[in-house]
Amino acid sequence: MQIPPEYHDREQSYLKHRVLREYLVLWGRKLGSLARRGPVTLWYVDCFAGPWQSQDEELGDTSIHIGLSALEEAGRIWRENGQEVALRAIFVEKDDKAFARLEQYLTKREGAVETTAFHGEFGSHVSSIADMLGDDPAFVFVDPTGFKGVAMDYIRPLLVKRMREVLVNVMFNHINRFKDDSRAFLREQMKAFFGLSEEALEKGLSETELLRTYRTNLKSNCDVSFAADLAVPHPTKRRTWFRLVIGGKHPEVLRVFREVEARVIGGEAASIRTGARDRKTEQETGQMSLLSEQAAPSQDAWYAEANEADRSACIDDLISDLPATGARRYRALWPAVLEERHVTEGELAHAVVAAANAGRLLIEPDKRRRRRARDDDLLSLPGDGA
Ligand SMILES: C[S@@+](CC[C@H](N)C(=O)[O-])C[C@H]1O[C@@H](n2cnc3c(N)ncnc32)[C@H](O)[C@@H]1O
């Protein structure tokens with residue numbers, strides 16, 4: 001896979017945009033089905049819109065363009081099915097120059113989405129945005145440059161209604177530098193970002209613990225029932241750049257998110273990061289790298305490592321959620337596992353059958369040659385009721 005040149009040296013943004021696009025199209029395809037029951041309006045809300053670091057005159061490398069085109073693609077699919085879906089988008093940008101470019105782009109752009117741009121701090125526009133959304137379904141994208149001005153309290157009003165989902169870019173690369181800083185104003189900003197009301201953010205939290213704190217508070221503060229995150233790696237180093245957190249009201253959010261993660265962070269990132277390393281080698285040595293993008297592995301090593309570890313751990317998580325007596329439906333068990341683990345629901349469903357074959361749990365109905373667990377299956381610990 002070739003990366004567009006405008007993303008050279010910021011391949012992490014390409015991967016972020018790929019996740020945004022893939023998820024948003026699927027979100028629109030799912031929620032557009034409401035049009036069968038009556039008129040429906042789908043909203044895309046880009047709370048920190050930019051454009052920012054764009055290398056393309058046409059802004060093709062921005063969340064502005066990507067959000068609009070993903071929404072249009074979802075709308076087109078429903079139109080072809082005979083269902084009319086109204087599409088609307090809201091953009092917020094603080095910086096004067098960036099806002100001028102945003103406005104110019106939106107004015108010139110033709111398309112099926114009706115757009116509104118707000119100039120200024122995201123926090124100061126939240127109530128107007130919430131009013132505009134009314135009771136409609138909305139996908140909210142929160143992609144700040146850091147943690148200032150991104151209080152969880154600002155996100156909440158946009159998520160309280162039904163059919164709302166959020167994708168937050170937790171700028172791990174940046175937050176990691178300041179998360180343990182003792183300066184009072186930074187402690188306050190961290191508290192607001194992580195949605196803490198009384199206590200300050202605990203110091204010394206690992207990357208996993210930090211993200212768990214964010215997800216837990218997103219759920220309790222913003223009225224979302226399910227939240228998971230994925231790591232967008234540094235283009236050439238073995239460390240996280242961004243963490244993208246998804247939050248929503250339905251477990252399906254997790255199934256879709258983990259599939260997008262496997263496809264983009266697992267699959268596409270392999271050639272994207274190989275290409276980034278090749279270009280770096282060429283810049284540093286003036287020599288062509290022997291490894292080419294075409295020879296990239298099918299799965300990126302960063303994701304492969306997390307996925308492999310979690311494929312073996314996920315079944316332990318699920319078994320630990322089984323009661324000592326009685327059974328639980330598989331559909332009640334998989335969401336908690338997918339929140340924590342970098343596995344797809346399909347991988348977990350296969351692991352459940354493997355665990356049953358190994359005698360670690362029982363599946364009812366006890367079908368022969370089953371390959372994966374299904375939502376209605378009843379799972380229990382062996383020896384129960386004996
Ligand atoms: C990371 S950039 C956005 C990138 C964009 N979402 C994309 O993917 O193409 C963050 C943007 O938010 C703007 N910004 C920073 N603080 C803000 C605030 N409090 N309210 C609104 N915009 C803000 C910055 O000027 C910048 O353009």
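Both ligands and their constituent atoms are indexed starting at 1 by order of listing.
By the side chain to side chain contact (heavy atoms under 4.5 Å, CB included) test, Gln55 pairs with Glu6, Arg10, Asp61, sequence neighbours left out. Listed by chain and residue number, Tyr303, Ala304, Asn307 satisfy the side chain to side chain contact (heavy atoms under 4.5 Å, CB included) test with Gln299 (two or more places apart in sequence, or in another chain).
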Practice task
Run the numbers on Trp52 and Asp143 for side chain to side chain donor-acceptor pair (under 3.5 Å), then give the verdict.
Solution key: CA-CA 11 Å; Trp52 190 68; Asp143 183 23; over 6 Å; no

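Not less than 6.0 angstrom separates the ring centroid of Phe99 from the ring centroid of Phe118.
Within the structure, ring pair (Phe, Tyr, Trp, His ring centres under 6.0 Å) pairs that include any residue of residues 235-277 comprise His234-Trp241 (at least two apart or interchain).
Enumerated by chain and number, the residues approaching ligand 1 to less than 4.0 Å through a heavy atom are Lys16, His17, Phe48, Ala49, Gly50, Trp52, Thr62, Ser63, Glu93, Lys94, Asp95, Gly120, Glu121, Phe122, Phe141, Asp143, Pro144, Thr145.
Side-chain contact check for Ser182 and Lys203: at least one donor-acceptor pair (N or O, by modelled atom type) lies under 3.5 Å.
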